[in-house]
Amino acid sequence: MSSVVRLDHLVKQYPNAPKPAVSNMTLEIPEGAVFGLLGPNGAGKSTTVMMLCGLMRPDSGSVAVMGLDMQEHGAAVRKKIGVAPQEIALFPTLTAYENLVYFGRMYGLKSSHIHTQIKKYLSVFNLQEKAHKQVGTFSGGMKKRLNLIAALLHQPKLVILDEPTAGVDVQSRNMILDFLTDLKSEGTSIIYSSHVLEEAERICTHLGIIDEGKVLQTGTRSTVMGDHPDCFNLEQLFLKLTGKNIRD
Amino acid sequence: MKILSTIYKEFLLLVRDPGGMALIFIMPLALVIVMALVQDAPFRDYQEVKLDVLFVDADADSLSAKIRQAFSASPNVNLILEKDSAAAKRRVQAGEVKAAIVVPPQSSVRLRNKTRQVIANVFANFGLPAQVDSTLLPSTDIKIFFDPAIKANYKQALSGAVEKIIANVQADWMLDELQNQLGEGRPETKKTEINLTDIIHVNTAYASENKYQGVMLNSVQHNVPAWTMFAMFFILYPLAGNFIKEREEGSMLRLRLISGSQFPVIAGKFAFYFLVCLVQFVMMVAVGIFVMPLLGLNRLVLGGDALNIFITACAVAMAATGYGVLIGVYFKTAQQALSFGSVSVVILSAIGGVWVPVYVMPEILQTLSRFSPMSWGLEAFNDLFLRQASIGVILPDVLKLVGFALVTLSASVLIHKSRTVV
Ligand SMILES: Nc1ncnc2c1ncn2[C@@H]1O[C@H](COP(=O)(O)OP(=O)(O)OP(=O)(O)O)[C@@H](O)[C@H]1O
Ligand SMILES: [Mg+2]
């Protein structure tokens, strides 16, 4: 199986930060995987995601997505991947529908295609009734779902989701996880950053547990668990690897 | 297509932002109407100065009559009769009037005698028969008192006028005398008429170069293009505000995630606000033409060629929008962008001649004003409105504006690009 993402000795330190947010991270994510990028707060998940989609330049090391180096081919790669950032990235005074139409056009999609895609996803994520309401009036969970749709409109082969279920209720979370399972079965690779371990246990085929910008353990779910026969579940393993200290 | 979608998106964002709408469409209207009304009187002052001057006629003879006649024909001077010269001096000192002209008793007689003596001397020198009187005659001594606060050019104009009148009267009388001496038996000799009416003209121009001198620059004619310029540059407020809001709210991140080129995003924004600027322009000009007269102000006269006006408006709109985009791209927080942006527009407008025309400014500010894009626009509009200038005349200003737009836009694209990847 070829890899969809390859991180090679990636380092990133923010200006004025005492230590690097990502230090010497090497990871390989196989095509078709649902990869759980797991780590406590401040572990470096979002920083890794930003470098993955080429919006942040690593201090050293390299990122290759679908075999293309992000430094050189960032723009071309971004057309083929869908990213739902951790923070909501929508126009609050536009309606859900207007937001999606605009993004669809900016993806360069055909008008008719845009409308069928939008209708499909609004119904998948149960937003069709609110389609013509301004996003600013939405609840946090609704915004999160819409934020996810914005990453999917152009049918990307790789979807990168940074904590898509944070602040979302049980029903919505369930809906999102079901959707991701379906998406995987269609052959889409998914990178899923989270610190909610039951979710990872439910949908992920591969795991990468990181902390302080370093990869602590990575591999398929079964190999990772198999390496630690003393841990009954992922949470025990996670605590064993990352310690019990509270993060800032 | 992407640009069109961005224009439509910007349109939706703007119409759903009541504050921004008010700032773009209501503030400029209020501003231009208020400023035109406030400056109406001062502008009339610049043009239609009517100087009150006391006139003490102790002579009550032909010389004083000539002076009075000459001044009454002047549109700039209003003579007020005053009997007592001491009282006249006091009134000038009190600042009640700007000047007083005192024609002492016997002035006409003295001037006539002096004239006669001069002519007789001339005749004697040529060996012609004449009665030469070599006694020193008292000279005519007309006094002008000035308020120390009077503008120097008024002072010069007034004393110059009086001197000229006296000189003319004297010349007239010399001719009379010559004719008297020579003209016996030649009754057909015509007396030369000297026209005194156009001797007096109080020139209100300022010492510096003013190329609009003599053209009607009234309050409306100044304020409408001036505040239109201001309003168009103030577009940076909603434009940069909106830009930074997009960055803070994250929608900019979505756009960065979508594709490689940010060009359609910037170009669409630019195009939309460019159109808004043109709408502002049309709106302000319409107010100048249709609303100002209803308020008792002058009607805005467009004068020049519609195409040239359109070209100039486009150039200003480009410059204003380019500046707004740059401010929006450059500053990290809305606070910084909006305070720097609005203060800079106020400064550029002040030195650009929006508040008061450039030609009444001190020399140093006039030099500075050449660096304000608003002065380029204003200059071009004044050329068009007041002097029906041809495209050749406004072209340098138009090119400067377009150049300014290109520079700000390229800088914006570069800065924006450099921040797309951090
Ligand atoms: N803009 C920034 N400037 C300076 N330091 C930053 C910045 N963004 C993140 N950091 C630091 O970098 C480290 C990694 O942050 P990152 O956001 O990648 O973590 P994360 O795993 O996504 O955390 P969370 O689960 O809370 O989202 C943290 O120590 C954080 O404080
Ligand atoms: Mg994060």
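Heavy-atom basis, side chains included; hydrogens, waters and symmetry copies ignored.
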Whatever's closer than 4.5 Å to a heavy atom in chain B on A/Met50 counts as side chain
Per the side-chain contact (heavy atoms from CB on, under 4.5 Å) rule, which among A/Val65, A/Leu161, A/Asp162, A/Leu158 passes with A/Ile191? A/Leu158
Okay, A/Glu98 and chain B: the region with an atom under 4.5 Å from a heavy atom over there is side chain
Below 4.5 Å from any heavy atom of chain B, which atoms of A/Tyr102 appear? Answer side chain, backbone, both or neither. side chain
Portion of A/Leu94 that has a non-hydrogen atom of chain B nearer than 4.5 angstrom: both
Assess the residue pair A/Gln134 and A/Thr95 against the criterion (side chain to side chain donor-acceptor pair (under 3.5 Å)); give the C-alpha distance rounded to whole Å, side-chain angles, the decisive distance to 0.1 Å, and a yes or no. CA-CA 4 Å; A/Gln134 290 185 24; A/Thr95 67; over 6 Å; no
Please state whether the rings of B/Phe230 and B/Trp355 are parallel, tilted or perpendicular, taking 30° and 60° as the class boundaries. perpendicular
Chain A: which of B/Thr6, B/Leu4, B/Val265 shares the most heavy-atom pairs with it under 4.5 Å? B/Thr6
Please determine if B/Glu246 and B/Lys9 form a salt bridge, counting it only when a charged side-chain N lies under 4.0 Å from a carboxylate O. yes
Tell me which of these, A/Gly108, A/Ala89, A/Ala150, has more heavy-atom pairs under 4.5 Å with chain B than the rest. A/Ala89
Does the side chain of B/Tyr330 pick up a donor-acceptor pair with the side chain of B/Ser412 at under 3.5 Å? no
Just checking, B/Lys269 and B/Phe243: is the charged tip under 6.0 Å from the six-membered ring centre and within 45° of the axis? yes
Go through A/Arg105, A/Met106, A/Glu87 and name the one with the most non-hydrogen pairs under 4.5 angstrom from chain B. A/Met106
Counting heavy-atom pairs under 4.5 Å to chain A, which of B/Arg254, B/Met1, B/Arg16 comes out on top? B/Arg254
